[in-house]
Amino acid sequence: MKNDPQNLPDEIYQKVSGNLLLARQRIAADENFTRAVVWISSFSREEGAHGLVLNKPMGNNLGECSPFFAGTPLAKIPMFNGGPVDSFHISILACIRNFMTGGHSIQCGLNEEKVRDYANNPAVKLFAFAGMAGWAPKQLESELSAGFWHISKVDFNEWEKSAEPDLWNRILAKSKKLEAKLTLRSPEDLSFN
């Protein structure tokens, strides 16, 4: 993918949207993306990209972060640091399992009524995110061209086990690509190499 970011094929936008980016190394000393697993909700040449960091738990739940949710069925939803953009905004993401097909889908940007409907549904796992990841037009294209990210399909089985920090390790370990195996074994800070 080491191409001129201006000349990336149009297919890259479909390949990345709805999938995961796994950081190869520390990106510009930004701790938000060290060994990050980012679900990309949208990516276009005109709008840039938006997503959520899935593997940076905050160690608390929605009810502890916001008194508005305390004492509600939503209080126990685990909180994650979704990224450095708009860190006071809370997004709820639903991972929905289809028991008939065994498939999954992701919904984000849910309104409060929809989240409450999902709260007691055993087929739905809810996650809350403070902030988001965002890239201006051409910014993510440049990072992809520079080789900062692995692109991966969403592995719902791994994500359902746990969206903890080791999600990055587990997804890379399942990859058949040599570069993913090398990334997994590389130090967090490449200057130690």
Side-chain angles (χ1 to χ4, degrees), residues 1-56 80-87 89-98 101-111 114 125-160 163 167-168 170-184:
M1 181 110 26
K2 304 224 186 307
N3 301 316
D4 175 2
Q6 306 300 319
N7 296 322
L8 288 175
D10 288 336
E11 297 82 44
I12 193 67
Y13 299 99
Q14 289 81 32
K15 184 177 180 181
V16 172
S17 292
N19 284 309
L20 301 178
L21 295 180
L22 286 84
R24 288 194 177 191
Q25 64 252 356
R26 189 172 289 178
I27 298 171
D30 188 340
E31 290 292 321
N32 292 293
F33 297 110
T34 301
R35 299 194 174 197
V37 176
V38 184
W39 174 69
I40 300 298
S41 59
S42 65
F43 183 32
S44 73
R45 192 179 309 275
E46 299 78 24
E47 301 288 325
H50 301 92
L52 296 167
V53 178
L54 301 180
N55 64 326
K56 304 286 182 178
F80 291 82
N81 178 354
V85 178
D86 202 9
S87 61
H89 178 80
I90 294 176
S91 299
I92 307 291
L93 185 142
C95 179
I96 305 162
R97 178 182 285 243
N98 182 326
T101 65
H104 292 79
S105 63
I106 297 174
Q107 291 183 8
C108 193
L110 305 171
N111 64 34
K114 191 69 166 172
K125 193 165 187 177
L126 296 171
F127 302 88
F129 296 87
M132 60 172 273
W135 291 264
K138 300 180 184 167
Q139 186 179 4
L140 183 55
E141 290 91 333
S142 292
E143 291 179 12
L144 288 166
S145 292
F148 289 156
W149 299 98
H150 288 284
I151 302 169
S152 176
K153 296 276 186 204
V154 177
D155 185 332
F156 289 100
N157 293 325
E158 287 299 332
W159 189 21
E160 277 191 333
L167 180 64
W168 182 87
R170 294 192 326 259
I171 292 173
L172 281 176
K174 288 177 115 180
S175 176
K176 292 179 172 65
K177 295 179 184 174
L178 176 61
E179 58 198 32
K181 302 291 185 193
L182 294 173
T183 298
L184 187 58

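In this chain, residues are counted from 1 in sequence order.
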Non-neighbouring partners of Ala49 that pass side chain to side chain contact (heavy atoms under 4.5 Å, CB included), sequence neighbours left out:
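For Ala49 the side chain to side chain contact (heavy atoms under 4.5 Å, CB included) partners, ignoring immediate neighbours, are Phe43, Trp135, Leu140.
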Run the side chain to side chain contact (heavy atoms under 4.5 Å, CB included) test against Ser42 and tell me which residues pass, sequence neighbours left out.
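For Ser42, the residues satisfying side chain to side chain contact (heavy atoms under 4.5 Å, CB included) (neighbours in sequence not counted) are His50.
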So [Y] and [X], do their side chains get closer than 4.5 Å, heavy atoms only?
X: Leu126; Y: Ile92; value: yes
X: Trp39; Y: Cys108; value: yes
X: Ile40; Y: Ile151; value: no
X: Lys114; Y: Gln107; value: yes
X: Leu52; Y: Leu93; value: yes
X: Val53; Y: Asn81; value: no

Please report the shortest heavy-atom distance between [X] and [Y], naming the atom on each side.
X: Ala94; Y: Leu110; answer: CB-CD1, 3.7 Å
X: Ser152; Y: Leu22; answer: CB-CD1, 3.6 Å
X: Leu144; Y: Val16; answer: CD1-CG2, 4.2 Å
X: Glu47; Y: Pro137; answer: C-CG, 4.1 Å
X: Trp149; Y: Ala36; answer: CZ3-O, 4.4 Å

Does Asn98 reach the main-chain N or O of His104 with its side chain, forming a donor-acceptor pair under 3.5 Å?
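Not a single qualifying donor-acceptor pair exists.
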Test your reading of the model: is there a side-chain donor-acceptor pair from Asn55 to the backbone of Arg35, 3.5 Å cut-off?
yes
Point-to-point distance, once rounded to the nearest 0.5 Å, from [atom1] of [X] to [atom2] of [Y]:
X: Arg24; Y: Glu143; atom1: CZ; atom2: CD; answer: 12.5 Å
X: Phe129; Y: Ile90; atom1: CZ; atom2: CD1; answer: 12.0 Å
X: Arg97; Y: Cys95; atom1: CZ; atom2: SG; answer: 8.0 Å
X: Leu21; Y: Phe148; atom1: CG; atom2: CZ; answer: 13.0 Å
X: Asp86; Y: Ser91; atom1: CG; atom2: OG; answer: 8.0 Å
X: Ser44; Y: Ile12; atom1: OG; atom2: CD1; answer: 13.5 Å

What residues form a side-chain hydrogen bond (donor to acceptor under 3.5 Å, both in side chains) with Gln14, not counting sequence neighbours?
none
Testing the 3.5 Å rule here: is there a donor-acceptor pair between the side chains of Tyr13 and Glu141?
yes
